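Values reported hereafter were calculated over all heavy atoms of this structure, with side chains retained and with hydrogens, waters and symmetry mates removed. This structure is a prediction, so every number in the text was calculated from the model and none was measured. Along the sequence shown, residues are numbered consecutively beginning with 1.
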Amino acid sequence: MRNDKLYTEKRFRKGTLSLVLDTIKHVKWDLILGIALSLIATFLTLYSPLVLQKLIDKEISPKFGIINKRSFAITTAFYLGSILLANIFRFLKQYQLKRTSNKAGHVLRKELYEHTINLPLSYFDQTPVGKIASRVVGDVDEIKNLFFMGFDGMFSSFCYIAGSIVYVATQNTTAALILCIPIPILTLLIFVYNKFSAKYNIEYRKNTSKVIADLNEHLNGSEVIRAYGVMDPVNEEYAKINERSYNIGKKMELFDAFFSFNISSFLSMISNILILALTGYSIINQKNIVTVGFALVLINYNNQIYENINNTLRRMNVLEKALASSHHITELFDVPEEIDGERKIRNMVGDVEIKDLSFSYIDENYVLNDIVLNAKHGTKTAIVGDTGSGKSSIINLLFRFYVPQKGEITIDGYNLNDLKKDSFRKDMALVLQDPFIFKDNLRNNITLGDKYSDKEIIDALFKVGGQNLYSKMKDGLDTDIMGEGTGLSLGEKQIVTFARTILRDPKILVLDEATASIDTETEKYIQMGLDELMKGRTSFIIAHRLSTIKNCDQIIVMEKGRIVERGNHEELIGNAGKYYELATKAN
């Protein structure tokens with residue numbers, strides 16, 4: 001187990017490095033400019049105290065005061081100018097690195113989104129939506145912080161510390177040694193911080209993902225929670241998860257506070273005392289080891305070094321959060337995308353054939369066995385059976401949401417596994433029992449963002465019986481619809497999905513219990529829409545109501561993952577078998 005853990009940790013660290021490097025490729029020139037501005041700002045910050053040293057040691061005499069007023073004025077102006085210039089470049093550096101981090105986040109979120117929407121449906125069946133959203137939004141924001149805080153804080157701090165020590169070493173080795181005191185201590189602090197903080201941050205991010213996922217589920221299922229009167233236990237469960245995040249957060253904050261301020265502040269005071277002692281010794285013994293101006297430079301450098309150490313330690317927290325987030329993002333990127341074939345199908349006719357197909361979601365627990373089905377273009381095929389008989393599994397395979405373990409599905413003679421998914425899905429349409437309506441206007445709910453003229457949209461809506469629905473829309477196609485179609489009846493929502501479907505003129509149409517949740521009166525109202533939808537298309541209908549399926553060309557009867565009967569309505573009723581049993585039960 002320990003070796004597995006080490007292997008996993010190494011794999012994630014490698015994946016994290018790869019993730020950061022791949023993201024850097026997209027922003028390398030922006031990052032190079034930011035680093036260049038950072039180096040200039042660091043140089044000017046180092047240079048300003050040296051001008052002050054000259055002002056004190058060269059332009060002012062203990063006996064005569066200002067030696068040369070003109071030279072003093074020029075040096076003073078030069079000192080103020082260097083400070084102003086340093087601040088200007090610090091601003092430019094921060095702006096450029098913020099811009100770079102924003103661009104890096106934009107690129108990473110785009111790639112992560114494109115990867116996520118191409119994952120197999122099985123991943124979404126097993127993973128809460130809130131957890132996925134946390135990866136795409138929250139974790140990417142932490143990576144953004146890495147680009148800004150890492151390069152603005154940690155890189156700049158390292159350059160300043162190294163630059164100040166190198167310069168002082170060329171002037172006075174004793175003073176350089178004083179400035180070097182924090183280096184081994186800083187190294188030890190970073191090691192200890194990294195060792196313990198990583199554990200807290202990874203644990204915190206994982207728990208945060210669970211908080212978001214549970215919140216998403218509770219909000220989406222709030223109607224069920226209220227209806228069954230289980231708000232108290234649900235709230236109690238959520239409170240426990242939230243309490244865990246709070247407790248982990250307390251440990252993190254205590255850890256950060258101790259390492260970021262207390263130790264470094266104490267060391268800073270000790271270093272300043274040593275600098276003052278060295279200066280006093282130099283003055284008392286008149287050895288001119290450290291001048292007053294140089295002492296101010298040392299104190300300035302020392303204070304800046306410890307400030308940069310504090311910044312570095314604070315950035316370590318950001319770094320650890322970013323590493324934890326990159327682990328999560330790497331996990332998501334490691335999930336293989338939905339398989340895709342190489343061939344494209346053009347001018348689809350819509351002939352569908354299923355040959356000796358068997359399929360299981362988990363291991364060898366088959367939910368479909370030896371399915372054989374043939375549906376020619378323009379025919380209507382009904383698939384009926386009890387709940388769990390395998391009806392929806394056939395539809396999932398027909399759209400290649402899953403891949404069968406045995407057998408094959410062909411469209412116009414092409415094996416579905418060999419086809420590019422976009423080339424065949426664009427000529428297919430699926431109407432589900434629960435219509436999904438976006439929080440958008442009526443136009444975009446029908447077109448889903450594709451370009452169609454208003455006439456085409458309205459014609460499609462009217463073809464499926466949407467005249468009454470359209471007449472209720474005060475702003476026509478521009479009327480905004482609330483989230484999940486609040487304010488629309490179930491039948492009206494379904495009409496929107498029918499219009500969405502007919503607008504695309506699919507060659508293969510699948511109706512998966514499209515009228516199951518609609519009352520009989522409403523079903524009569526939208527029957528015109530159903531008939532128009534199926535006209536001239538290869539249609540597959542999963543339904544319990546005989547009114548929807550009795551006129552189909554063939555009816556497939558499923559039981560425990562197998563086809564037990566097939567034929568038209570009259571034939572199957574005459575056989576007095578499973579279909580007759582289902583029809584009698586429905587009546």
Between [X] and [Y] (side chain of the first, backbone of the second, donor and acceptor by atom type, cut-off under 3.5 Å), is there such a pair?
X	Y	value
Asn242	Tyr238	no
Asp412	Asp351	yes
Glu353	Lys376	no
Arg504	Thr447	yes
Asp553	Lys380	yes
Arg537	Pro506	yes
Thr127	Tyr123	yes
Thr538	Gly350	yes
Glu565	Tyr579	yes
Arg343	Asn415	no

Within a strict 4.5 Å, meaning less than it, do heavy atoms of the [X] and [Y] side chains meet?
X	Y	result
Asp334	Thr330	yes
Val403	Leu416	no
His26	Leu108	no

Phe438 and Phe436 aromatic ring geometry - parallel, tilted or perpendicular at 30°/60° bounds: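 Correct class here is perpendicular.
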Straight-line distance of [X] [atom1] to [Y] [atom2], nearest 0.5 Å:
X	Y	atom1	atom2	value
Asn417	Thr410	CG	OG1	11.0 Å
Asn396	Leu430	CG	CG	8.5 Å
Ile345	Tyr414	CD1	OH	6.0 Å
Leu373	Gln554	CG	CD	5.5 Å
Phe462	Leu469	CZ	CG	9.5 Å
Ile508	Leu398	CD1	CG	6.0 Å

Asn369 and Lys406: CA distance, side-chain angles, deciding distance, side chain to side chain contact (heavy atoms under 4.5 Å, CB included) verdict: CA-CA 9 Å; Asn369 293 277; Lys406 300 176 184 177; over 6 Å; no
Identify the two heavy atoms, one from [X] and one from [Y], that lie closest to each other, and give their separation to 0.1 Å.
X	Y	value
Arg566	Val372	NH2-O, 2.7 Å
Pro120	Pro336	CD-O, 3.2 Å
Asp440	Asn445	O-ND2, 3.5 Å
Val349	Lys507	O-CB, 4.0 Å
Glu337	His115	OE2-ND1, 2.9 Å
Ser245	Val211	OG-CG2, 3.7 Å

CA sep, side-chain torsions, deciding dist, call: Asp454, Arg443, salt bridge (charged side-chain N to carboxylate O under 4.0 Å, His left out): CA-CA 8 Å; Asp454 286 2; Arg443 174 187 287 101; 3.1 Å; yes
Taking atom types as modelled, find out whether [X] and [Y] have a side-chain donor-acceptor pair closer than 3.5 angstrom.
X	Y	value
Tyr361	Ser393	yes
Ser389	Glu559	no
Glu581	Thr584	no

Please determine whether a side-chain nitrogen of the Lys or Arg among [X] and [Y] lies less than 4.0 Å from a carboxylate oxygen of the Asp or Glu.
X	Y	answer
Asp512	Lys391	no
Glu111	Lys25	no
Asp370	Arg562	yes
Arg400	Asp340	yes

Criterion side chain to side chain contact (heavy atoms under 4.5 Å, CB included) on Asp422 and Lys426, from CA distance to verdict: CA-CA 6 Å; Asp422 291 339; Lys426 67 182 178 61; over 6 Å; no
Give a yes or no on whether [X] atom [atom1] has more than 12 heavy-atom contacts from other residues, nucleotides or ligands under 6.0 Å away.
X	atom1	value
Glu342	CD	no
Asp450	CG	yes
Ile117	CD1	yes
Phe124	CZ	yes

Test side chain to side chain contact (heavy atoms under 4.5 Å, CB included) applied to Glu571 and Ile555, step by step: CA-CA 10 Å; Glu571 291 170 346; Ile555 299 172; over 6 Å; no
Side chain to side chain contact (heavy atoms under 4.5 Å, CB included) between Asn441 and Leu477, intermediate numbers included: CA-CA 7 Å; Asn441 59 36; Leu477 296 177; over 6 Å; no
Test side chain to side chain contact (heavy atoms under 4.5 Å, CB included) applied to Tyr580 and Val557, Ile573, Asn575, the passing residue: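 It is Ile573, the one option of Val557, Ile573, Asn575 that forms the side chain to side chain contact (heavy atoms under 4.5 Å, CB included) with Tyr580.
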